[in-house]
Amino acid sequence: MKTEPIKIEPGHLRARIAPSPTGALHIGTARTALFNFLLARRFGGKFILRIEDTDLSRSDKKYEKDIIENLKWLGIIWDEGPDKGGPYAPYRQTERTDIYRNYIQKLLDQGLAFYCFHSQKELDEEKKNQLIQKIPQRHICSFRDLDINEVKKKSKKKSIIRLKTPQKIVNFSDFLKGQVVFDASLLGDIALSKDIETPLYNFAVVIDDFTMRINYVMRGEDHLSNTPKQILIQEALELDKVNYIHLPLIFDPNRKKLSKRFGAASVAEYRRVGYLPEALINFLVLMGWNPGTNQEIFNLEGLEKDFFLEGLQTSAAVFNIEKLNWLNGEYLKKINADKFYELALPYLEKKKFFEKRLFSKEKLEKILILEKARISKLNEVGESIDFFFKKTLIYPASLLFWQKTDKKETKEILTRLKKIISEISDRKFNPDNLKNLLFNEAGKFENKGYLLWPLRVALSGKKNSPGPFEIMDILGKKDTLQRIASAIKKLNLPA
Ligand code: GLU
């Protein structure tokens, strides 16, 4: 059940995306970023990017770069960052150590946090025993009330800083989950910081959200179990409360966690194979948000005005690659010829059969445009137009046969076509004329396919391809006749 959010004055909404740079920008993180971005835009607030890089052993600059690059590519742009580092610099936790130190010191001074000197081995041992005894696994630390002088004596020993977790019930409301009640005594003494300089995740998040004046925390529901810990830290420091929205996760069509095969790839991977940012945005927003109408096509600009929180769904979203392919195809259809050429050429250049120097830009534009409405992503470029670039077409002679026509009839038809086409003057060799003339000729048959099918196969070598008149126009008279002659030759060979 959805609950009422804390009221925020118009224009004061502050949301964030806080990825850890431990991997490339994931499709789920991109979705969370998009919803936060839209939330901020819709309510005239601010959207912030915070790189959560406190875990030095797992964080990597190359992932930070990937996250930034791909959010920008999607058009999910943040409004604020630190003063230094240029317009797109994000906040980074590693640059905020002084801030965390102040707050952790405050908790220590107030006796609300303490040094825990238990070794990892001791903690593991404790957990194991709790498991055997079937009691909750938690560490209520025997050092929590240690005298300051005792602490000083032990100061050489390895320690971490923990919150003196109060034994109480934590209550919070989540916009999608409703009222959540959690028994804090199950948590044990929450780990806050490795030392005074090195905060751990839950502590850093609370301090960051507070100091960045974040009032809406929207994130994946895998973080739901962290929320009571974060609330206890807020309460210890007497910080403001925030609104929580925990988004249901994304599943594959079999209702399993996303795998490499289904959707778990990074945004960069989708970008690489030729999905457009507009299509991905449209796809992402529909994974977990219901506009309440049958509308399926959404762009970022429109969403900034139309997005509403009540549209967020409480059940898991399903990743449907067919839907993404369909959307991408729709966006590809809409882009103009120049833009398509610019986007598609790099993909064509990667194909082995393609030798750019043999074709003028004008011709390539004409060829590529034939494919615009036929593909669902850019790496398919070339699949249905490769025959333009090949000297010899490889296909079985039988492909030339229209329905029940045989070799002899097909040969006659192709020979007739060759004659008609050779008599067209160069000046009249254009799609309109060709269409008029050949349609007229095809009309003499019971069905146009008798003539147009073998013609199209002779030109393309394919079962499916663009229409014969466009192909002829691009190939020109000489190549057209040559391809028809090759088809006739194929039919002369013994089957
Ligand atoms: N850094 C966390 C993550 O990458 C997100 C933390 C948060 O949203 O509170 O999953």
Side-chain angles (χ1 to χ4, degrees), residues 13-40 45-68 70-71 76 78 80-81 90-96 99-100 103 170 172 174-177 180 182 190-194 198-234 237 239-250 257-258 264 266-268 284 288 312:
L13 191 144
R14 292 176 64 87
R16 49 49 162 201
I17 184 74
S20 307
T22 53
L25 181 66
H26 184 267
I27 211 82
T29 312
R31 182 190 67 151
T32 309
L34 174 63
F35 285 160
N36 276 294
F37 169 84
L38 293 176
L39 178 66
K46 296 274 187 251
F47 168 66
I48 285 163
L49 168 64
R50 178 169 81 224
I51 299 289
E52 301 213 319
D53 54 357
T54 43
D55 186 345
L56 296 178
S57 62
R58 293 176 59 225
S59 296
D60 195 321
K61 276 280 171 201
K62 76 169 185 241
Y63 294 131
E64 178 186 308
K65 192 164 167 256
D66 177 279
I67 291 165
I68 292 175
N70 287 299
L71 283 174
I76 304 175
W78 45 104
E80 235 183 68
Y91 288 110
R92 291 185 192 88
Q93 289 187 327
T94 44
E95 291 168 1
R96 298 169 55 79
I99 301 173
Y100 308 126
Y103 284 95
V170 182
F172 65 95
D174 180 281
F175 182 69
L176 293 178
K177 307 272 163 214
V180 182
F182 204 91
I190 300 162
L192 297 179
S193 200
K194 280 191 183 164
T198 326
L200 291 164
Y201 162 70
N202 283 306
F203 184 69
V205 163
V206 170
I207 304 307
D208 284 337
D209 284 343
F210 174 70
T211 50
M212 293 175 188
R213 305 192 323 282
I214 300 296
N215 42 34
Y216 263 88
V217 168
M218 173 156 44
R219 56 189 173 192
E221 71 180 13
D222 47 335
H223 283 292
L224 194 62
S225 61
N226 289 319
T227 307
K229 297 182 193 167
Q230 293 174 9
I231 288 176
L232 288 166
I233 299 169
Q234 280 168 2
L237 285 163
L239 308 180
D240 297 338
K241 294 231 173 313
V242 302
N243 283 302
Y244 290 102
I245 305 176
H246 286 91
L247 298 165
L249 300 182
I250 305 172
K257 231 183 112 196
L258 289 188
S266 60
V267 170
L284 291 173
L312 290 176

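All ligand and atom numbering here is 1-based and tracks the order in the structure.
- By the ring pair (Phe, Tyr, Trp, His ring centres under 6.0 Å) test, Tyr201 pairs with His223, sequence neighbours left out.
- With sequence neighbours left out, Tyr63 forms a side chain to side chain donor-acceptor pair (under 3.5 Å) with no residue at all.
- With hydrogens and angles left out, the side-chain atoms of Thr227 and Arg219 include a donor and acceptor closer than 3.5 Å.
- Protein residues with a heavy atom under 4.0 Å from ligand 1 are Arg16, Ala18, Pro19, Ser20, Glu52, Tyr201, Arg219, His223.
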TODO: Would you check, one step at a time, whether the test side chain to side chain contact (heavy atoms under 4.5 Å, CB included) holds for Leu247 with Met218?
DONE: CA-CA 7 Å; Leu247 298 165; Met218 173 156 44; 3.8 Å; yes

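- Geometric assessment of Arg14 against the ring of Tyr216 yields a negative cation-pi assignment under the 6.0 Å and 45° thresholds.
- Take Phe172 and apply the ring pair (Phe, Tyr, Trp, His ring centres under 6.0 Å) test, not counting sequence neighbours, and it matches Tyr244.
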